[in-house]
Number of protein chains: 2
Amino acid sequence: MKTALTLEALQVIDAIERKGSFAAAATVLHRVPSALSYTVQKLEQDLGVTLFRKEGRRAVLTTAGRHLVERGRQLLQAADTLAADTRQIATGWEPQLRIAIDTAVALGDVLPAIAALYDQQPAIEVTLTTEVLGGTWEALLEDRVDLVVGGIEEMPRHKGLRCEPWQTIRHVFVAAPGHPVCQAPQPLTQDTIKAHRAVIIRDTSRNNAPLSRGILNPQQFIEVPDMAAKVEAQRQGLGVGYVPLASVTQAITSGALVELSVEEQRAPETTFLGWRSTYRGRALSFLIDTLRLPEAHAG
Amino acid sequence: MKTALTLEALQVIDAIERKGSFAAAATVLHRVPSALSYTVQKLEQDLGVTLFRKEGRRAVLTTAGRHLVERGRQLLQAADTLAADTRQIATGWEPQLRIAIDTAVALGDVLPAIAALYDQQPAIEVTLTTEVLGGTWEALLEDRVDLVVGGIEEMPRHKGLRCEPWQTIRHVFVAAPGHPVCQAPQPLTQDTIKAHRAVIIRDTSRNNAPLSRGILNPQQFIEVPDMAAKVEAQRQGLGVGYVPLASVTQAITSGALVELSVEEQRAPETTFLGWRSTYRGRALSFLIDTLRLPEAHAG
DNA sequence: CTAATCCTTTCAATTATTTTGATTAATGAA
DNA sequence: TTCATTAATCAAAATAATTGAAAGGATTAG
């Protein structure tokens, strides 16, 4: 499988197409027309395809030639990007960083760190995704992301992965003010809670066994895709459940939701940062360091 | 913007990575180790990046080098594909063909032609999409497809596009057997029809003014995405409307839908084939010829 | 510990490829 | 017709790639 193509030949036919003639292309490429003629003939021979036919005194692309030029430009573009990315990696800064944020994390706790990263390295491409429960770790295991922010529970043991505690999240039990559970005597017992429909977040992970999250089974429930949907569902009285305090402080002060005390207080939950230990670029290191420091580690 | 990369250098580092050493790679490449050493050093110099560092007596990729190899393989793959596609185009057969089929067309009328094409040219990649009303022509105009099958109404005049009549479709007015419209005296008048909710297909085209399709405005309607959904909606009694006879013959014989006669019979509709006249490859020509001939031009 | 083996690199000589510049032939414009 | 412009051709010159021998480390076997 030898590749007849060369990037240099693609550049040549690209220039010819853009400038409209061998002569003009030779000028911009700082070469002499016969050199281009040579390159094109060699390419045509290697490929076994006629790329230009003479029409009057100028050469014009054949259908195959046009296809080669158009796709070839994408190839050249990709080659340039690859070269640039490689150079950037050599400086220690990765060209892009993929981050999975657990839906329980307040985005406002993460964005300042990313802003600081942009200050350091404006060219870096950051991709954020939000995941639920096991979804963050799964994304890391499958190498779909480089960093997990706010992963719940200790990460699955796996060599090549590292994690460390990050924030502590306090969960509160809330319901809409008109919801029948508000009539029950507080602190609520487990039995009282189980008598009402729960709003739970559907685990985005598919392969790993879903983490059953504080919901005892016989309870009725409605599944929603993320934390914002859960809060909204509870506001509308569709169900009840625990949510991170930070995600509902406004709703509580405005009266849209009320916090209810419960008998068995749910323990504050530790969330984690996780990444691959095999290679840590400067952007990843910077982001981890930034996330470690300034947070008040909101309870 | 000169590209320091060459595909040949990418092949060299790929072979080194796969075989684990310069010496082994040299063997498979039918060259001498020092030649590879030379190529790699030139690449490192052009790129300004160290790709290999010596570890013991063998050379091992740096982080940047690993990135270059991994992405480089995709580039090599793309280059090979491009070369192969170019060669295939030179034979007159395009490497792939994109076809938009109007949702009113019975797929069974089109698939035999595609099967025949596969017989001729097994390597060709065929992509089918179904579109609604203006959607087929829009896809052709925007160069998202190479062939429109069953486009409704004359194609928008546009230079570089060609179309010709294909099938004639007879539409019948149907409703679920329990639907109130079945109690009305036949043939149905326009006023009777307008008194019931219509099921209409949402136009997939965005830019062009949507074709208003036989629905006089004050009528209630429900919009559905395609013909299959329309038939299903009418089966379930959600509404009434005209559908191509071919799409409901089974439903009528089984009694799931009943055909109702109407006062102003809807004229049989001509559907069209459309393509770009600028370049017609052999696969496209073959398919057009095949579609032209064998159909009974179902009414 | 020593010798043998494997590996990569270096270097000068050789070989292959690419570029050049002059020339030709063909085309279209004045 | 004449002039300017274009691409193709060709031999010579310039450049680049390949080779093989030799050197220098680093494991491995004995």
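A, B, ... follow the sequence lines: proteins, then strands. Residue 1 opens every chain.
Across the interface with DNA chain D, nearest-nucleotide mapping of B:Lys42 and B:Ser34 shows B:Lys42 to be the residue nearer the 5′ end.
Across every non-hydrogen atom of B:Gly151 and B:Thr136, the tightest pair is CA-OG1, 3.8 Å. For B:Leu29 against B:Ala15, the heavy-atom pair with the smallest separation is CD1-CB, 3.9 Å. The minimum heavy-atom distance linking B:Ala4 with B:Leu47 is given by the pair CB-CD1, 4.1 Å.
Rounded to a whole Å, the CZ atom of A:Arg31 is 13 Å from the C1' atom of C:dT17. Distance, A:Gln45 CD to C:dT18 P: 12 Å, rounded to whole Å. Atom CD of B:Glu8 and atom P of C:dA16 are 16 Å apart (whole Å). Atom CD of A:Glu44 and atom P of D:dT9 are 11 Å apart (whole Å). Rounded to an integer number of Å, the gap from CD of A:Glu55 to P of D:dA8 is 13 Å. Straight-line distance from the CZ atom of A:Arg53 to the P atom of D:dA8: 13 Å, rounded to whole Å. Spacing between atom CG of A:Leu36 and atom P of D:dA7 amounts to 9 Å, rounded to whole angstrom units. If you measure from atom NZ of A:Lys19 to atom P of D:dT5, you get 16 Å, rounded to the nearest angstrom.
At a threshold of 4.0 angstrom between heavy atoms, the contacts of B:Ala23 are confined to the sugar-phosphate backbone, with no base atom among them.
Residue A:Arg57 places a side-chain atom within donor-acceptor reach of the base of C:dT27, judged by atom type and a 3.5 Å distance cut-off alone.
Distance check: A:Thr130 OG1 to A:Ile99 CD1 gives 12.5 Å after rounding to the nearest 0.5 Å.
Residue A:Tyr38 places its side chain closer to C:dT18 than to any other of D:dA7, C:dT18, C:dG21. Nearest nucleotide to the B:Ser37 side chain, out of C:dT9, C:dT19, D:dA7: C:dT9. Listed nucleotides C:dT8, D:dA7, D:dA16 differ in distance to B:Ala59; the shortest reach to its side chain belongs to C:dT8. Candidate nucleotides D:dT18, C:dT8, C:dT18 were compared by shortest atom distance to the side chain of B:Lys54, and C:dT8 ranks first.
The side chain of B:Gln41 places an N or O atom within less than 4.0 Å of a non-bridging phosphate oxygen (OP1 or OP2) of C:dT10.
Remark: side-chain polar atoms of A:Asp146 are paired, donor with acceptor, to backbone N or O of A:Arg98 under 3.5 angstrom.
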